[in-house]
Amino acid sequence: MGRWWSPASAAVDPRSVQLLLVGVALVATSFYAGTLFGSSASPALVLPPLSRPGLPDSSRSKDAPMFTNRVSLTYRTKPVRVPDHGVDVCPLEYNEYVPCHDVAFISSLKNLDRSRHEDLESICPPREKRLFCLVPPPNDYKIPIRWPTSRDYVWHSNVNHSHLADVKGGQNWVHEKGKLWWFPGGGTHFKHGASEYIERLGNMTTNNTGDLRSAGVVQVLDVGCGVASFSAYLLALDIQTMSFAPKDGHENQIQFAVERGIGAMISVLATKQLPYPGNSFEMVHCSRCRVDWHENDGILLKEVDRLLRPNGYFVYSAPPAYRKDKDFPVIWKKLVNITTAMCWKLIAKHVQTAIWVKPEDESCRQKNADMKLLNICESNDNVLPSWKIPLMNCVRLNKDKSEIQKLHSRPDRLLFYFKSLEMIGVTPARFEKNNEFWKNQVHKYWSLFDVEKTSIRNVMDMNAKYGGFAAALSNDPVWIMNVVPYTMSNTLPVIYDRGLLGSYHDWCEPFSTYPRSYDLLHAFHLISHYESRNEDCLLEDIMLEMDRIIRPQGFIIIRDEKNTLSRIIDLAPKFLWDVSTHMLENEENGTELVLICRKKFWAIV
């Protein structure tokens, strides 16, 4: 979760950059770069492209064995079919394939509200138009640089796009440094570094008496996060950030973020609620996030209101907050009118930033609703998971003060018994037992991996339940995306109450992230949940998505029903996974079979 790390100790000054680049230049094949980079960059398996059947042996690696999977642009069939030679491999040009953010498919759709950016939302093609092949790594892909060095440097060849460096280099988002990308920590409104900007926000929220942590900020939602430097530098304060941005003109910003080892996902504020529960963040942050907050009667600000906890902050760093030219004053006046109607209080306006606070006392909002200045949502609007629900032009009132619980600071939240647990029927004894179970299981996982802990940074729990797995990893150098399937018990509010982060999802669809995003996937009794859904949501589909988002040499832990595990063991070689089986303790004090799969490192050459 990052609490062990201090950015000051990990930062690299410009003079060190030159030394680092010299070191990289000395690594002739870029296969090893010592403990700083921490891993081999050479694929263990190679595959000649199908379009070159006469490829001479001299052009292939002499040390890397061949394998039988074939390069072919293959689509999903019904029923699904996995060839005897193994799952086909997509052609190299599909190395960044994100199925539900496929520009070619979405541009063909006619009935989207592009004025509200509906075309940037997750829109999945029908099964027959989805690829059913393994997404290959790009040419010269290397095992990512380890955290915390990866905060500042990643391999150029892993995200081989220069557009952001060209258009945002002057704002210190990212710079090209030979074989590396260098991230100085800047942003559009903090080009001199996120640390200075974060300190300023702390002063503004505490009237110059403290920092963001003392202002009560534990979890932040960063809207239009860029390469997520704001999130990276908040870790020094032990503040957890859910960062998101659309796959738009700055197309590879989320790819850069996850490559750096920073929690982020593809998403957009457009026509649907974000996939996070209400009352989950102490701060929502927008730094030149390219969101038209003033449009459509402020419906996007009302989504922010849903997500903010009482007394939570909305931080707005954008031209309308300080510029007097063009139409910025008109936009600012609209923002003031909308926020005033919602009873948000403008507590600070300094340099290029304005900060509002969401009220705890609902009397003002009720009064404005009575005056027809504000619409109040139905009381049960926040019961259902926020999954593909249209935005609502209303605010929710916390009428029952007993449901608003004073939250502890981190790390005390991790093990505290919250009312959100009681509301879903989890007793204190069951919660304590669950925490102890996952503490023991994580210890066993590390011993079975037999790798250095710094080789795993990006982790996803695909069926997170109460977040016990993530809590047990809290002292390790990882961040965890806790996913709660929307068809299961709505436990994501519990996860946020514990100071953790996560998202709702439906594993019948691909996740909104780039290929090779995660070092570890954890699937706890997930796949069997979907087996009864329909033939459009099969084991093979979920395994294909796992393969897309896991990094080469990454681990996949699967715990499930015996027949499901047996099928995975049979299919794994066709997905180019190695599998080991283990008997571990289950939650009922018995034992169960656990699979630890590891994706082979292969490449098309």
Side-chain angles (χ1 to χ4, degrees), residues 100 122 124 242 265 267 272-280 307 380-389 417-427 430-431 433-435 437-438 441 459-473 480-498 500-513 518 520-546 549 556-565 567-568 586-588 592 594-595:
C100 300
S122 174
C124 302
M242 175 62 75
M265 63 183 289
S267 193
K272 296 181 181 65
Q273 292 181 2
L274 292 171
Y276 320 120
N279 294 326
S280 292
L307 295 166
N380 62 348
D381 285 341
N382 59 353
V383 175
L384 298 175
S386 305
W387 178 250
K388 298 196 173 180
I389 295 178
Y417 180 77
F418 290 97
K419 287 184 179 178
S420 52
L421 284 160
E422 180 182 354
M423 293 172 65
I424 59 173
V426 179
T427 65
R430 182 179 171 188
F431 180 60
K433 181 180 179 182
N434 182 265
N435 288 328
F437 170 76
W438 283 116
Q441 296 304 294
V459 178
M460 175 185 280
D461 193 353
M462 299 176 70
N463 182 20
K465 292 200 172 181
Y466 323 131
F469 173 68
L473 285 165
I480 303 99
M481 177 71 78
N482 293 283
V483 177
V484 172
Y486 89 103
T487 51
M488 293 188 177
S489 177
N490 185 9
T491 58
L492 199 55
V494 172
I495 287 168
Y496 274 88
D497 282 351
R498 300 183 74 175
L500 303 168
L501 300 171
S503 172
Y504 294 111
H505 189 57
D506 179 2
W507 286 112
C508 289
E509 299 182 1
F511 195 77
S512 290
T513 192
Y518 291 92
L520 171 62
L521 301 177
H522 185 249
F524 183 75
H525 293 272
L526 169 77
I527 297 172
S528 58
H529 170 75
Y530 286 95
E531 289 187 329
S532 61
R533 291 281 292 272
N534 54 58
E535 61 180 57
D536 286 337
C537 186
L538 300 179
L539 166 65
E540 292 85 349
D541 297 307
I542 296 176
M543 288 181 68
L544 186 73
E545 177 61 3
M546 287 175 164
I549 65 177
I556 305 172
I557 304 171
I558 304 176
R559 305 174 77 136
D560 220 305
E561 305 300 322
K562 287 184 179 179
N563 61 332
T564 300
L565 297 181
R567 293 176 58 208
I568 293 171
N586 63 21
E587 289 186 287
E588 286 72 43
E592 67 177 349
V594 178
L595 304 186

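Here the structure is a predicted model, which is why all the values come from computation and not from measurement.
- A salt bridge does not link Glu587 with Arg559: none of the charged nitrogens is closer than 4.0 Å to a carboxylate oxygen.
- Between Met242 and Met481, the closest side-chain pair of non-hydrogen atoms falls below 4.5 Å.
- One distance of note links OH of Tyr504 with CH2 of Trp387; it measures 11.5 Å at 0.5 Å rounding.
- Of the possible polar contacts, none joining the Thr491 side chain to the Val494 backbone as a donor-acceptor pair under 3.5 Å is found.
- Salt bridge annotation for Arg567-Glu540: present, with a cationic side-chain nitrogen under 4.0 angstrom from a carboxylate oxygen.
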Practice item. Apply the test side-chain hydrogen bond (donor to acceptor under 3.5 Å, both in side chains) to residues Ser122 and Glu509: give CA-CA distance (whole Å), side-chain angles for both, the deciding distance (0.1 Å), then the verdict. Key: CA-CA 10 Å; Ser122 174; Glu509 299 182 1; 4.5 Å; no
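- Residues Phe511 and Met462 are not in side-chain contact: their nearest non-hydrogen atoms beyond the backbone lie 4.5 Å or more apart.
- Counting heavy atoms from C-beta outward, Ile557 and Gln441 have side chains that stay 4.5 Å or more apart.
- For the atom pair NE2 (His525) and CD (Glu561), the distance works out to 6.5 Å, reported to the nearest 0.5 Å.
- Screening Ser267, Ser386, Pro385 for a side chain to side chain contact (heavy atoms under 4.5 Å, CB included) with Pro275, the sole residue that qualifies is Ser267.
- Looking at Leu565 and Ile558, their side chains come closer than 4.5 Å, going by heavy atoms from C-beta outward.
- Taking 4.5 Å as the limit, some side-chain heavy atom of Ile527 sits within range of a side-chain heavy atom of Ile568.
- To the nearest 0.5 Å, atoms OG (Ser489) and NZ (Lys465) are separated by 9.0 Å.
- Between Phe469 and His522, the angle of the ring planes stays under 30°, which puts this pair in the parallel group of the 30/60° scheme.
- Evaluation of the ring-ring contact (aromatic ring centres under 6.0 Å, His included) rule for Tyr518 yields Trp479 as partners, not counting sequence neighbours.
- Although no hydrogens or angles enter the test, the distance criterion places a donor-acceptor pair under 3.5 Å between the side chain of Tyr417 and the main chain of Val426.
- A donor-acceptor pair shorter than 3.5 Å cannot be found between the side chains of Tyr496 and Asn279.
- Between Ile480 and Leu500 the shortest side-chain heavy-atom distance does not fall below 4.5 Å.
- With values rounded to the nearest 0.5 angstrom, Met546 atom CE is found 12.0 Å from Asp541 atom CG.
- The aromatic ring centroids of Trp438 and Tyr466 lie 6.0 Å or more from each other.
- Atom-to-atom distance recorded for Trp507:CH2 and Glu545:CD is 6.0 Å, nearest 0.5 angstrom.
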